[in-house]
Amino acid sequence: MNIKNRKMHWENVFQTKDTTQVSWHQAVPTTSLRLIEELQLPKTAKIIEAGSGDSFMADFLLERGYDHLTLVDISEKALEVLKNRLAERADKLEFVAADITQFTRANEYDLWHDRAVFHFLTEKADIEKYIKNVSTSLKKGAYLIISTFSDNGPDACSGLNVKQYSTTQLCHLFSPNFEKVECFNENHTTPSGGIQNFSFCVFKRK
């Protein structure tokens with residue numbers, strides 16, 4: 001799927017769906033928050049939320065004192081919802097409407113967080129662009145937290161095919177520029193009660 005069609009798809013999702021009921025919704029992103037806390041980053045850390053959608057991750061990071069946040073999503077509607085919800089707190093943050101395969105900032109970030117975005121990239125060229133952009137955007141010694149549908153997870157989401165990854169496959173893909181900190185699998189319970197198995201990995205930039 002090209003960028004234009006990806007954008008049309010996700011604009012439609014965020015304009016027409018109740019996103020508290022979509023399968024990826026988390027009222028509290030418990031696992032991601034735990035992993036971030038374990039990294040013991042300074043409150044001045046620059047964090048990018050890749051494919052933020054209108055998730056509550058930014059709300060919780062702000063509550064914990066992190067306000068150097070860049071929220072990137074292909075959907076302008078999703079970012080608009082986020083801005084409205086965060087109200088005056090949104091003034092502290094940077095909102096970027098962009099396809100994640102096209103976004104990069106040289107040596108900018110201390111943490112790149114991606115929950116359930118990378119697995120939507122199914123074409124080799126897009127996967128390679130994403131990995132290159134992550135590697136370029138992170139400082140040496142910075143961290144990547146990434147989670148995807150596992151090899152035991154769904155093969156489609158939101159009407160789109162996805163690419164499933166074992167933790168071993170994620171380690172192999174990112175190994176040229178990253179060293180593994182930890183990886184594990186975890187079940188996510190959807191708002192409708194379904195179970196989705198995810199692969200989580202934390203990597204450190206070499």
Side-chain angles (χ1 to χ4, degrees), residues 1-15 17 19 22-24 29 32 46-55 57-58 69-82 93-140 142-151 153-167 169-178 198-206:
M1 180 182 288
N2 63 34
I3 292 174
K4 181 179 178 181
N5 288 340
R6 270 205 295 266
K7 180 172 175 59
M8 289 176 59
H9 176 86
W10 290 110
E11 293 291 8
N12 181 64
V13 167
F14 286 103
Q15 288 171 9
K17 303 276 187 185
T19 53
V22 293
S23 63
W24 62 83
S32 292
K46 291 187 176 181
I47 300 173
I48 174 173
E49 175 73 357
S52 64
D54 60 359
S55 82
M57 176 61 79
L69 306 180
T70 300
L71 308 178
V72 180
D73 201 90
I74 197 169
S75 169
E76 294 178 40
K77 177 62 178 178
L79 295 176
E80 178 187 329
V81 171
L82 262 179
L93 312 184
E94 181 182 11
F95 297 82
V96 180
D99 186 281
I100 203 61
T101 65
Q102 303 296 307
F103 180 86
T104 186
R105 297 259 181 91
N107 301 312
E108 178 81 9
Y109 296 103
D110 301 292
L111 171 64
W112 179 297
H113 176 263
D114 170 355
R115 178 183 176 271
V117 175
F118 182 56
H119 62 210
F120 280 108
L121 303 178
T122 58
E123 297 177 16
K124 183 179 179 182
D126 286 336
I127 292 168
E128 290 176 347
K129 286 178 187 175
Y130 178 100
I131 294 170
K132 181 180 179 181
N133 291 349
V134 174
S135 301
T136 300
S137 296
L138 287 174
K139 303 172 185 176
K140 288 183 180 179
Y143 293 93
L144 164 64
I145 297 175
I146 189 165
S147 58
T148 69
F149 286 148
S150 78
D151 46 345
D155 57 11
C157 181
S158 185
L160 299 176
N161 292 330
V162 301
K163 195 167 177 64
Q164 302 156 309
Y165 292 97
S166 67
T167 57
Q169 288 171 319
L170 288 174
C171 288
H172 175 73
L173 277 176
F174 288 92
S175 63
N177 291 309
F178 291 88
F198 275 78
S199 291
F200 273 84
C201 280
V202 182
F203 298 112
K204 188 173 184 178
R205 182 71 168 91
K206 294 179 183 177

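Keep in mind that this is a model prediction, so the values were computed, not measured. Residue numbers count from 1 along this sequence.
When each of Lys140, Lys46, Lys139 is tested with Asp110 by the rule salt bridge (charged side-chain N to carboxylate O under 4.0 Å, His left out), just one qualifies, namely Lys139. Shown are Glu80, Glu11, Lys7, Gln15; of these, the side chain to side chain donor-acceptor pair (under 3.5 Å) with Ser75 is made only by Glu11.
Looking at Asp114, its side chain never comes within 3.5 Å of a backbone N or O of Ile146 through a donor-acceptor pair. The main-chain N or O of Trp24 is found under 3.5 Å from a side-chain atom of Arg115 such that the two form a donor-acceptor pair. For Ser137 (side chain) and Arg105 (main-chain N/O), a donor-acceptor pair under 3.5 Å exists by modelled atom type. His9 contributes a side-chain N or O that, together with a main-chain N or O of Ser158, makes up a donor-acceptor pair within less than 3.5 Å. Glu49 places no side-chain N or O within 3.5 Å of a backbone atom of Leu71 that could act as its donor or acceptor partner. Formation of a donor-acceptor pair under 3.5 Å by the Gln102 side chain with backbone atoms of Asp99 is not found in this model.
In plain terms, the two heavy atoms of Lys206 and Phe178 that are nearest each other are CE-O, 3.3 Å. When all heavy atoms of Trp112 and Asn133 are compared, the pair lying nearest together is CZ3-O, 4.1 Å. Listed here is the closest heavy atom pair of Asn5 and Asn2: N-OD1, 2.8 Å. The two atoms that bring Ala50 and Ile100 nearest to each other are CB-CD1, 3.7 Å, heavy atoms only. Listed here is the closest heavy atom pair of Ser135 and Asn177: OG-ND2, 3.3 Å. Across every non-hydrogen atom of Ser52 and Leu79, the tightest pair is OG-CD2, 3.7 Å.
Using a 30° and 60° split on the angle between ring planes, Phe14 and Trp10 fall in the tilted class, from 30° to 60°. Classified by interplanar angle (parallel below 30°, tilted 30° to 60°, perpendicular above 60°), the ring pair Tyr130/Phe174 is perpendicular.
The residues Lys163 and Asp126 are annotated as not salt-bridged, no charged nitrogen and carboxylate oxygen being separated by less than 4.0 angstrom.
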Candidate pair Phe118 and Leu173, rule side-chain contact (heavy atoms from CB on, under 4.5 Å), full reasoning: CA-CA 12 Å; Phe118 182 56; Leu173 277 176; 4.0 Å; yes
For ring-ring contact (aromatic ring centres under 6.0 Å, His included), just list the numbers for Phe149 and Tyr165, CA-CA rounded to whole Å, side-chain angles, deciding distance to a tenth of an Å, and then say yes or no. CA-CA 6 Å; Phe149 286 148; Tyr165 292 97; over 10 Å; no
Assess the residue pair Ser175 and Phe203 against the criterion (side-chain contact (heavy atoms from CB on, under 4.5 Å)); give the C-alpha distance rounded to whole Å, side-chain angles, the decisive distance to 0.1 Å, and a yes or no. CA-CA 9 Å; Ser175 63; Phe203 298 112; over 6 Å; no
Can you check side chain to side chain donor-acceptor pair (under 3.5 Å) on Asp54 and Thr19, steps first, answer last? CA-CA 8 Å; Asp54 60 359; Thr19 53; 2.7 Å; yes
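You'll find the side chain of Arg6 reaches within 4.5 Å of the side chain of Leu121, heavy atoms only.
Annotation: cation-pi pair Arg205/Tyr109 absent, no NZ/CZ under 6.0 Å from the ring centroid and within 45° of its normal.
Annotation: the span from Leu160 atom CG to His119 atom NE2 amounts to 9.5 Å, rounded to 0.5 Å. Separating the CG atom in Leu170 from the SG atom in Cys201 is a distance of 5.0 Å, to the nearest 0.5 Å. Rounding to the nearest 0.5 Å gives a distance of 8.0 Å between CG of Asn107 and OG1 of Thr136. In this structure, the separation between CD on Glu108 and CD1 on Ile48 is 9.0 Å, given to the nearest 0.5 Å. One finds the CZ atom of Phe198 at 14.5 Å from the OG1 atom of Thr167 (value rounded to the nearest 0.5 Å).
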